[in-house]
Amino acid sequence: MRPSTSSSAVLVLVVWRLAVRVTHGAPRRNGGHPLAARAAGIGHWALYGLMLLVPFSGAAGWFLGAAAAAEAHEVLKTLLLVVILGHIGATLVHRFWLRDGVSARMLPGG
């Protein structure tokens, strides 16, 4: 598959988002179970890492002709989709089952 402009744009936005996260931090947590907080942290950093690794491995596979990078790209892409589905599932649990206002942290002033 050929690299696209949209994947380059996503990579730029992910790098920008990471820079904002590192310089300004994440919203403060509102309590909750320590294991849930740890799982959330691992999940978010997994998303960031995969959103960086997927385009880099794809670019290495495409531009360098590295077969191992192309194979890694396919595996990482699938893993990213699984992590995204897990993130969506956790969001729905917080919103509709726990009703703990976690999604409000994403809004300005939250």
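Basis for what follows: all heavy atoms, side chains included, without hydrogens, waters or symmetry-related copies.
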Practice item. Check the hydrophobic clustering (I, L, V, M, F, W, Y; side-chain heavy atoms under 4.5 Å; chains of links allowed) and say if Val10 and Trp45 are grouped together. Key: yes
Check your understanding: More than 12 foreign heavy atoms under 6.0 Å from CZ of Arg21: is that the case here?
Key -> yes
Revision key, fill the gap. When rounded to the nearest 0.5 Å, the distance separating CD of Glu74 from CG of Leu79 is 13.0 Å
Practice item. Mind running side chain to side chain contact (heavy atoms under 4.5 Å, CB included) on His87 and Thr91 for me, showing each step along the way? Key: CA-CA 6 Å; His87 192 268; Thr91 302; 3.9 Å; yes
Revision key, fill the gap. To the nearest 0.5 Å, atom CG of Leu11 lies from atom CZ of Phe56 at 5.0 Å
Check your understanding: Between the main-chain N or O of Ala40 and the side-chain N or O of His44, is there a donor-acceptor pair closer than 3.5 Å?
Key -> yes
Review point. Among the clusters formed by ILVMFWY side chains lying less than 4.5 Å apart, do Leu98 and Leu35 turn up in the same one?
Key: no
Point to revise | Rounded distance (nearest 0.5 Å) linking atom CG of Leu80 with atom CG of Leu76 | key: 8.5 Å
Review point. Considering all heavy atoms of both residues, which atom of Lys77 and which atom of Val54 are nearest to each other, and what is their separation?
Key: N-CG2, 3.9 Å
Practice item. Answer yes if Leu50 and Val12 sit in the same cluster of Ile, Leu, Val, Met, Phe, Trp and Tyr residues linked by side chain heavy atoms under 4.5 Å apart, and no otherwise. Key: no
Check your understanding: Are Leu81 and Leu85 close enough that some pair of their side-chain heavy atoms sits under 4.5 Å apart?
Key -> no
Review point. Rounded to the nearest 0.5 Å, how far apart are CG of Leu13 and CE of Met51?
Key: 10.0 Å
Review point. So do the side chains of Tyr48 and Arg17 get within less than 4.5 Å of each other, counting heavy atoms only?
Key: yes
Check your understanding: From Glu71 CD over to Ser57 OG, what is the distance, rounded to the nearest 0.5 angstrom?
Key -> 11.5 Å
Study note, to complete from the structure: d(Leu47 CG, Leu52 CG) to nearest 0.5 Å is 11.0 Å
